[in-house]
Amino acid sequence: MSKTSGWSGVGVRQAPVLGILAAFAAIPAMSQDAYVLGVWTFLLLNILVVIGLDLLLGYAGQLSLGHGIFVAIGAYASGLLTTKAGWSGWAAMPVGTIAASLLAAAVAVPTLRLRGYYLALATLGFPVLFDAMIRVTSQWSGGSSGVISIPRLRLGGYILRDPLVYYYLVLGVVAVVLIVLWNLAGSRLGLKLRAIHADETAASARGINVVFLKASVFVASAAIAALSGSLYVHNVQFVAPDTFGLNYSLILVIMLVVGGMGRIWGGILGVVLLGWMPELLREAATWQPVIFGSILATIMLFAPNGLAGVVRRRSFFAPVTRKVPNTTFHRDERVLTVNEIEKAFGGVQAVTGLSFHVDAGEIKSIIGPNGAGKSTALALISGAIATDGGTIKLCGQSVETAPAFKRAQLGLGRTFQHARLIPTLTVYENILLGASVLGSATQRDEHQASHVLQQVGLEHVAQHYPDQTNQYERRLTEIGTAFAGNPRLLLLDEPGAGLSSADIEQLASLLRELKANGRAIVLVDHIMSLVLPLSDSVLVLNSGMPIIDSDPKTVISDPKVRLAYLGESGDVHA
Amino acid sequence: MDWDVIPQFLAGGLAIGAVYGLIGVGFSLIYNTSKVINFAQGEFVVYGGLATVSLTAASLPTAVAIPLSLAASVVLGGALQSLLSTARRGSNELTYIMTTIGVAIAMQGLAQHIWGTDFKTFALYSDGTIRLMGATVNYGTITTLLATSTVCALLWVFLYRTMIGKAMRACANDSRAAQTIGIRPRRMVLLAYVASAGIGGLAGILITPSQMMSYDNGVPLAIKGFTAAIVGGLANPFGAVVGGVVLGLLEGLGVGLISSDLQNAYAFLSLLVILLVRPQGLFGRAAAGSAR
Amino acid sequence: MTKQHHVRSARRLLAVLGLGVIIAQPASAEEPYKIGAMLDVTGGASFLGKPEQNAVMLAVDEGNQAGGIRGRKIELMFEDTKSTETDTVLAARKLINQSKVLALIGPSRTGGAMAAIPIVNEAEVALLCPVSGIGVVQPIVERKWVFRPGQGGDLSVAKVLDYAKRAGWKKLGILYSADAYGEDGRDNLRKLAPGVGVSLDREESFPANSTDLKSQLAKLKSAGVDAIFMHGLGAPSVIVYKNARELGLATPIISGHGQANSAFRDAVGDAVIGQPIVGAPVLVWNELPNTHPQKKAAEAFVTKYRARYGTAPDMFAGIAYDSANMVLQAIRETNGDPQIRDWLENNVKNHVGITGIFNFTPQDHAGLRSDALVMMIADKDGWRLADYEK
Amino acid sequence: MLDVKGLQVRYGTVLGVDGLDLHVNQGEIVVLIGANGAGKSSTVNAIAGLVRPVAGLIKFRDADMGKLDAAARVEHGMALVIEGRGVFSEMTVRENLELGAYSRPAIRSAALRRAADHAIAMFPRLGDRFDQAAGTLSGGEQQMLAIARALMSSPKLLVLDEPSLGLAPRIVDEIAERLTLLSSEEGVTILIAEQNASLGLDIAKRGYILQNGRIALEGTAPELHSNTDLIRFYLGGQSYVRT
């Protein structure tokens with residue numbers, strides 16, 4: 001990364017995380033009491049798990065209710081390999097981490113295909129299954145009584161026994177993981193995860209392999225949790241099956257959501273606050289669960305985004321000024337060929353026998369009354385829904401069975417009827433996400449995104465979040481996001497809806513510019529003042545069937561078109 | 001293996017399965033009307049059971065104590081709904097789940113104060129058994145099965161034969177459209193909470209005499225009931241009952257034929273299998289879209 | 001709120017902020033002797049921890065009413081371990097490092113005790129744990145600082161085997177809870193049964209949330225055992241008896257000492273009548289022959305406990321009470337660790353407590369023998385001492 | 001009968017409806033024509049109480065609707081058929097119709113049956129499907145069911161949001177015919193929000209053309225019919241009248 005790429009102030013960007021780490025490093029200066037250090041060590045170990053969980057839940061939006069067992073796997077791997085097989089703790093650590101990763105991958109593959117909280121359901125029973133597994137293998141796993149006399153870690157001949165030394169060891173591990181995750185969260189990968197969290201369909205349309213990313217994040221968070229378990233077990237020297245059971249798993253999630261997920265420091269805040277809360281509530285003694293539960297419910301009701309959610313996220317990314325030349329594509333190349341595609345929803349034929357093609361530098365408009373199947377046609381071409389039949393060729397490749405993100409990577413950009421921007425990303429970040437469609441993390445993307453930002457004239461709102469912009473700006477952001485990845489083909493679903501005539505005029509000139517540098521555009525819109533002057537050809541759909549595909553003049557004078565628009569008594573004359 | 005003990009395994013599974021099913025019905029009713037997974041559902045079971053223990057211990061006849069306990073559960077259900085309805089904008093499935101977990105923790109803590117930590121029981125039916133197809137079935141099991149069937153029948157009549165029940169289904173189907181014909185979704189949601197709490201309380205009253213009840217039984221019961229609802233299909237309250245029975249039978253057979261070490265694992269193994277092959281549950285409609 | 005209270009709160013807050021050490025004051029001669037108790041007062045094992053806490057408080061208050069030790073007060077520093085290992089570790093560290101206690105009592109479960117062992121070993125503070133597992137004091141070279149002053153699973157199993165031999169039962173089955181307590185009982189039975197010529201023919205377990213154990217009982221029955229040893233905790237142990245009666249099971253079911261408390265007896269009702277149970281003499285103190293060494297002590301303890309807390313104490317309360325008294329005596333005789341540990345190891349000889357006669361040696365920190373348990377038979381109201389014990 | 005003044009509906013920062021005035025007189029059929037996103041749905045949803053406007057007055061039968069929720073407005077005699085029909089797909093046609101009378105709890109079962117018979121007489125196709133789940137009906141049948149269900153509450157004002165959406169012209173004509181009958185024979189006042197200008201203008205007495213959340217044009221049906229701007233509105237041309 002060069003200095004021009006938004007990393008210009010590495011110090012500034014890393015400042016929050018370095019500040020957090022410095023604060024933790026200073027704690028022993030205030031007290032070296034073994035108890036106090038012990039509490040902070042446990043809190044750091046929890047922080048390690050929670051920031052990994054945050055990556056999964058806060059960024060990728062996937063809930064794991066049994067995350068404690070990954071900690072348990074790390075703990076057991078270290079505990080058993082050191083006590084039963086005589087391994088060194090350092091050697092056992094990666095074994096636990098790998099075991100946890102493998103289990104996570106095995107669970108991720110089936111459950112993360114599905115949308116919603118299926119991972120939460122699948123992981124809910126983990127603590128119970130783990131407990132049962134430990135018990136049936138009690139001959140070598142220690143059963144319910146747990147694993148005892150686990151040796152401490154050694155460095156050469158030195159045993160890491162001193163609480164102060166162990167505190168700094170754990171802090172060192174936390175520091176490494178924290179810095180990696182912090183930069184990851186602030187990288188384009190972080191943007192992609194937030195996009196998945198907000199809208200999986202929109203994320204796929206931007207070339208993001210949603211399932212793979214969700215699974216990777218789950219595996220990573222499991223590995224981090226196992227690491228925490230290893231470090232725990234060499235400190236406490238004992239582990240039992242219920243040490244990291246359901247209660248622990250729930251508390252992890254509680255600490256994260258109370259602190260505020262999707263914000264690394266939110267998780268840290270949650271761990272520290274809830275970790276010290278019992279101490280503050282000592283007078284309340286047995287009322288602690290009541291107070292704890294009430295606080296959790298209250299925070300969730302009144303600050304659904306947790307304590308950190310009160311402050312808006314600050315973006316790491318700012319537009320850069322250097323210009324990049326427009327990518328120009330060869331004209332007259334066939335970009336899209338649609339042949340006889342079909343789609344029915346529960347007996348209703350939404351699209352029937354639709355065929356057309358678009359060349360580079362051509363704008364093809366699809367018009368038709370509401371419910372004619374226009375949006376369905378776009379969804380079929382982009383891969384958001386599967387076709388029932390027919391073929392689709394994109395730049396010569398058959399794509400009818402390819403997932404949406406593959407089609408996006410092959411050069412298909414699209415907008416949605418109702419702008420589907422990622423609300424948790426700024427305007428610039430949304431466009432940058434679109435520019436990173438191929439998954440590359442090069443500076444080129446940032447230059448490209450900045451350039452697109454200029455092209456659509458949104459520099460003044462670059463650092464605004466979508467809800468801080470107006471409808472026109474959002475529409476332009478959406479279009480900018482779609483073509484920032486330099487797609488060969490752009491599918492635009494009603495870009496003019498709700499815009500003023502002046503806005504529409506500007507939109508038209510933007511589309512002309514895109515056409516001029518050789519992009520193929522499929523435009524769906526009702527606004528004829530946008531469609532007719534711009535289009536090379538117009539296809540009219542009615543009740544899912546194409547009724548005419550010709551040049552604009554021919555189309556508007558066709559009686560069938562008037563019939564479709566104005567009903568059977570299409571005898572209205574100008 | 002001694003095959004003639006299999007009916008005994010099944011009978012044991014059926015009894016607890018029916019209770020899981022009743023708890024699952026509560027999850028289903030609330031989820032369908034308000035899209036909230038209510039993890040405090042198990043606490044209604046605990047409060048229903050323990051309230052009856054206290055009331056009968058205060059020498060109230062069970063015929064009085066049970067309706068009073070049910071009334072208390074119903075009030076708690078209404079209170080929970082009122083609490084959740086104060087949620088701020090930006091709340092989503094997750095924050096509602098966490099809120100109900102918070103409520104469950106607080107209710108459990110409160111239960112500990114009210115009833116202490118010992119497990120408790122009261123007498124509802126006389127001790128006694130009948131032989132049924134090679135199994136010894138106690139009156140508790142028979143009462144539980146009868147009560148579950150009655151609840152199912154009443155629920156069916158309510159949902160399919162009364163206007164207000166139909167309105168509740170309409171609300172679950174399309175709450176916007178329901179508003180346009182004069183249905184107030186908030187009332188339906190309140191009704192769902194009240195009904196779920198009542199059914200949960202009843203489940204508690206049913207199991208306390210034979211299985212004891214203590215302040216911390218709520219979470220494990222909630223998880224089993226929730227699993228039953230998922231297995232049966234969250235969209236269908238009767239599916240939850242079937243799901244519960246399936247879980248119970250699997251547990252009974254698993255303990256009997258495989259190993260009692262894994263008793264709790266069978267339910268979750270079956271949950272994993274269901275999630276793999278039929279994510280919408282046995283009786284759910286295919287609502288879960290596949291991410292492409 | 002008193003001024004003292006505010007000072008305490010402020011110090012606690014500062015401790016929270018990591019400033020605890022700055023204002024920690026050096027111990028002066030007038031300072032009270034501090035002993036620490038860390039018990040499972042909340043969480044899964046609260047049914048053990050709560051009576052234990054009551055009993056320790058009773059012992060300390062009695063000590064203070066008697067004028068303290070050498071004119072100095074005894075202060076009980078208490079931490080709740082919430083029935084988790086992590087909180088047990090923290091509680092132990094806190095009591096040792098911050099409260100500077102002279103000795104520790106607790107926690108209530110074997111698992112928690114296991115987690116605390118490395119800490120007391122490193123800090124060299126004596127730990128008396130009222131738990132069941134023998135593993136907390138064996139191997140003794142690694143458990144030098146730990147004492148188990150109660151009736152463990154090993155003693156309970158030995159007592160049951162003795163009873164089985166008297167009754168002429170050759171084949172036993174075990175039904176145990178799927179937790180550390182239950183598995184400890186199973187392991188002890190596996191280990192000890194062959195030595196007395198009894199076979200262990202069938203093992204069945206149940207998780208803590210079991211609601212129906214007829215399947216397990218049916219399998220035990222079909223294995224043709226002479227008697228079933230039930231070594232478990234919680235509500236399922238009640239259900240076992242109800243289920244057994246429903247099945248018309250004629251096989252006797254012998255309870256381990258996990259059931260020797262009033263919660264079990266109240267819940268199980270008539271279903272247990274006639275069944276044998278292993279328990280501490282304190283439960284049937286009024287039936288003990290006058291010559292029984294525990295009779296007087298138990299009577300006094302039960303009376304005081306009942307007067308203060310309104311319920312009868314169980315065996316675990318008795319163990320905790322004995323532990324506290326042994327710690328107080330050790331402090332009286334010595335002046336802090338390591339002398340306390342050494343004193344306990346060498347000077348607890350035929351110490352008559354509530355729960356038994358204690359003997360610690362450098363080789364054995366388990367303290368009691370199986371004569372510290374009695375066999376009881378359930379009747380309509382409670383338990384009666386088995387005839388042969390009288 | 002219905003009088004809307006200065007209506008504003010906002011979604012986040014976007015104004016969906018921006019100062020709209022319209023009125024519907026007793027017995028009239030009025031059509032509100034507009035393209036997607038023009039604000040038709042927002043307007044009718046605000047009238048029916050499904051969305052809360054940020055400003056404006058809605059008077060219906062001389063009562064201010066501002067404080068009333070959707071259900072209360074139904075009780076007051078207003079029925080909305082929402083865009084996309086909103087039939088209860090998992091319930092039978094019979095149950096859908098019964099629920100239409102939910103706002104009239106006092107209605108006896110005989111009266112309920114009469115009302116249902118009446119509704120079915122209007123849309124005979126529904127009679128054959130009486131015990132079928134509404135989700136299994138065709139789009140046209142669902143639209144008919146939605147209208148029939150709305151009629152079960154004996155509304156004084158029937159509001160329809162895009163009744164022609166996704167339907168074949170033949171079905172659209174059938175529905176238009178029924179609505180005309182409903183108005184002429186039973187005196188039900190009707191407000192239709194439509195993109196399909198023909199359906200609206202064929203049966204309506206008056207119409208409004210909506211653009212960007214404002215009334216761009218208003219007039220009687222014949223006036224609008226002969227207005228070139230309307231054609232431009234659909235089939236191109238650089239500008240059309242904005243008021």
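Lettering follows sequence order; numbering is per chain, from 1.
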Please flag which part of [X] lies under 4.5 Å from any non-hydrogen atom of chain B: side chain, backbone, both or neither.
| X | value |
| --- | --- |
| C:Lys50 | neither |
| C:Val268 | neither |
| C:Ala178 | neither |

>> Please report whether the ring centroid of B:Phe119 lies less than 6.0 Å from that of C:Phe47.
In response: no

> Counting distance only, does the side-chain N/O of B:Thr56 pair as donor-acceptor with the main-chain N or O of B:Thr52 below 3.5 Å?
Replying inline: yes

>> Just so I understand: if I count every heavy-atom pair under 4.5 Å between each of B:Gln263, B:Lys120, B:Gln108, B:Lys224 and chain C, which residue has the most?
In response: B:Gln263

Pick one of side chain, backbone, both or neither for [X], based on which atoms fall under 4.5 Å of a heavy atom in chain C.
| X | answer |
| --- | --- |
| B:Thr129 | side chain |
| B:Phe122 | neither |
| B:Ser214 | neither |

>> In the structure I gave you, are the side-chain heavy atoms of B:Ile16 and B:Gln211 within less than 4.5 Å of one another anywhere?
In response: yes

> If you tally heavy-atom pairs under 4.5 Å against chain B, which of C:Asn243, C:Asp270, C:Asp266, C:Ile239 wins?
Replying inline: C:Ile239

> Do you know which of C:Lys221, C:Lys214, C:Arg245 has the most heavy-atom pairs with chain B at a distance under 4.5 angstrom?
Replying inline: C:Lys214

Is a side-chain donor-acceptor pair under 3.5 Å present for [Y] with [X]?
| X | Y | value |
| --- | --- | --- |
| B:Thr136 | C:Glu246 | no |
| C:Lys219 | C:Gln216 | no |
| B:Glu251 | B:Tyr20 | yes |
| C:Thr81 | C:Asp40 | yes |

